[in-house]
Amino acid sequence: MAETKREIERKYDAPAEHFRLPDLHKVPGVSEVIDKGVVELDAVYYDTPDQRLAAHRITLRRRTGGDDAGWHLKLPVALSEGVRDEVRAPLSDDVPRALAGLVRSRTRESELVPVVRLLTSRDVSHLTDADGALLAEVCVDAVRAERVGGERATAWTEIEVELADDGDPEFLGKVEKRLRKAGVERSAATSKLARALDATGAGAPPEASPEEPVTAGDHILARLRGQRDTLVELDPAVRRDLPDAVHQMRVATRRLRSAFKTYKKVLDPAVTEPVGEELKWLAGELGIDRDREVLTERLTERIDALPRTLLLGPVRGRLRIWAVARRLGSRRHTVAVLDGKRYLAVLESLDALLADPPLKPAAERPAADVLAKAALKDHARLAARVERAVALAPGTERDVALHEARKAAKRARYAGETAVPALGKQARKFTKRVKKVQSLLGDHQDSVVAREALRDLAIQAHAAGETAFAWGLLYGQEQAAAADRERELPKVWNRAAEPGLSAG
């Protein structure tokens, strides 16, 4: 069974081979420096033959020695230097299935093979406070790296300072200040593996820096690459059931599909439409888990807001049973989708499209003109749907029309987001106003879905001989909430009705 540990550490180059730590008692907050002795570690790092994991700063190793022997997968935490999530699994001969799944969006069908072996003699010290609580672990590592299947080897000494669980990250800065006085500098390598690959001549090729977007095609392709990367990066977070991961992954699929629809004059729809259909499938599969998550949160908040005197019957217990049953099924379904060949084919098709984009002549036109016109067209589509929905009488037909308007609002919002780098302030204002319309319509749709669930819960309660009073009360609240959103819509729409974009 895999377990996860948040790792916050800093690495430094030792100024000499036989480096000795300075007196760390002088670090503010440190009461005692405890020598924990030397441990011998033997780690074999795995990657694809073309080193896809290393290219994304991910490491996967099988290590023996020390008190944490086993398989370790380290995933970088976005925008946080020196912060990684370490997912661990027990020792086994082969890569554990759970860890292989977490890197599948990068490795695809490629085999994970041994690439580097690191032999480390680790001298460990613990820094503790006046109460004896651990503040950080400081290690002086004498490392020998060997390329698996090759003759080249290299050796170096480094210092690693790892913050204790739930420790204050600012403490690392205090330790660093003391180390710098001893002539120690931060390591340029992000990990031991990265240093070993570079030193043995087996490093992954550096990623090309993206050029500044100029044309309409440049801006749209930059948008597509960003969302493709987001999709790939969120895969392990979804598998680990991290908060909001499913939602963000689903949003990335929608942004990609929306771009294909909005920019048909720039990207050949004969190529993009089949990919868009597969993205629609993926968004729908992810939606099973996401919709369950949103609905459960909404119903829980409704119940929490009710006076206890109105909670007649086992209301919380019935919701809990209902939610757990739905969650188990949706989680299994989501992971099964990510493990399937169809999902991998979606990722491969996106890579192929971006490697050889089906650009039309309009791609070479100035970005501001093309992006503004596309956003204005999506805005006009939204306007038509809002006007149709408002003209209908309250009821099922209006609910459906408002849901269609919500989808149009998302598409217009995404067009605005894409236009921001080219149009600046006016595109940001456009996006903000349209987003408010989308949020209002989204809350209305959530109320529609909640009422369907509340009716089902009321039926279940009645069949079990329980009173359905609370469920009926909540149903009425959702009806009122939906009516409120419908009354607010004209006012919110009036603020967004004028797009405020210039098409040149």
Side-chain angles (χ1 to χ4, degrees), residues 5-45 57 59 61-70 72 74 76 81-84 86 88 116-129 132-147 152-165 167-200:
K5 178 181 183 297
R6 177 61 56 87
E7 179 186 84
I8 303 176
E9 66 178 19
R10 295 183 185 179
K11 293 181 181 294
Y12 304 86
D13 293 330
E17 181 179 353
H18 300 292
F19 173 77
R20 294 175 63 90
L21 287 172
D23 185 2
L24 298 179
H25 287 93
K26 297 182 179 181
V27 175
V30 173
S31 177
E32 190 172 2
V33 179
I34 304 173
D35 183 358
K36 305 297 289 186
V38 177
V39 294
E40 302 299 327
L41 307 175
D42 186 344
V44 176
Y45 285 77
R57 298 189 298 119
T59 60
R61 72 187 178 204
R62 182 186 186 276
R63 189 167 77 181
T64 57
D67 57 5
D68 64 345
H72 305 154
K74 296 192 179 187
E81 183 182 357
V83 182
R84 295 188 290 181
E86 183 176 273
R88 299 176 177 177
V116 168
R117 182 183 184 191
L118 296 184
L119 301 172
T120 303
S121 183
R122 168 166 287 182
D123 192 349
V124 183
S125 298
H126 282 184
L127 308 184
T128 62
D129 63 14
L134 180 65
L135 297 171
E137 180 177 89
V138 182
C139 303
V140 179
D141 291 342
V143 185
R144 175 180 170 81
E146 303 170 349
R147 177 71 176 172
R152 297 188 65 175
T154 187
W156 71 89
T157 301
E158 69 178 37
I159 302 100
E160 189 176 283
V161 184
E162 182 175 346
L163 190 69
D165 294 345
D168 183 357
E170 291 187 3
F171 179 71
L172 294 181
K174 298 176 182 178
V175 177
E176 179 168 309
K177 185 176 181 180
R178 179 61 183 154
L179 291 175
R180 284 185 179 277
K181 288 184 178 180
V184 176
E185 297 294 335
R186 282 270 200 114
S187 175
T190 57
S191 66
K192 286 183 174 67
L193 176 63
R195 185 166 183 166
L197 290 172
D198 287 341
T200 58

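In this chain, residues are counted from 1 in sequence order. Bear in mind the structure is a predicted one, so any value in this text is a computation, not a measurement.
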Using side-chain heavy atoms (C-beta onward) and a distance below 4.5 Å, is Trp156 in contact with Asp13?
no
Kindly determine whether Arg6 and Asp165 satisfy side-chain contact (heavy atoms from CB on, under 4.5 Å), including the steps that lead there.
CA-CA 8 Å; Arg6 177 61 56 87; Asp165 294 345; over 6 Å; no
Atom of Asp123, atom of Asp35 and distance for their closest heavy-atom approach
OD1-OD1, 3.9 Å
Thr59 and Arg84, any side-chain heavy atoms less than 4.5 Å apart:
yes
Return yes if some donor-acceptor pair links the side-chain N/O of Arg186 with the main-chain N/O of Arg10 below 3.5 Å, else return no.
no
Show your reasoning for whether side-chain contact (heavy atoms from CB on, under 4.5 Å) applies to Val138 and Leu179.
CA-CA 11 Å; Val138 182; Leu179 291 175; 5.8 Å; no
Report the C-alpha separation of Lys192 and Val116 in whole Å, then their side-chain angles, then the decisive distance to 0.1 Å, and conclude whether the side-chain contact (heavy atoms from CB on, under 4.5 Å) test is met.
CA-CA 10 Å; Lys192 286 183 174 67; Val116 168; over 6 Å; no
All heavy atoms of Pro28 vs all of Lys174, minimum pair found to be O-CD, 3.9 Å
When rounded to the nearest 0.5 angstrom, what distance separates CZ in Arg88 from NZ in Lys5?
6.0 Å
Between Thr120 and Arg122 (side chain of the first, backbone of the second, donor and acceptor by atom type, cut-off under 3.5 Å), is there such a pair?
no
Do Arg195 and Glu158 come within less than 4.5 Å of each other through their side chains, counting heavy atoms only?
yes
Regarding Arg180 and Glu176, does a basic nitrogen lie under 4.0 Å from an acidic carboxylate oxygen?
yes
Apply salt bridge (charged side-chain N to carboxylate O under 4.0 Å, His left out) to the pair Arg63 and Asp68, showing each step before the final yes or no.
CA-CA 8 Å; Arg63 189 167 77 181; Asp68 64 345; 2.9 Å; yes
Any chance you could lay out the side-chain contact (heavy atoms from CB on, under 4.5 Å) test for Val184 and Phe19, step after step, and finish with the verdict?
CA-CA 10 Å; Val184 176; Phe19 173 77; 3.6 Å; yes
Any Arg61 side-chain heavy atom under 4.5 Å of Lys74 side chain
yes
Working to the nearest 0.5 Å, report the span between CG of Asp141 and CD1 of Ile159.
9.0 Å
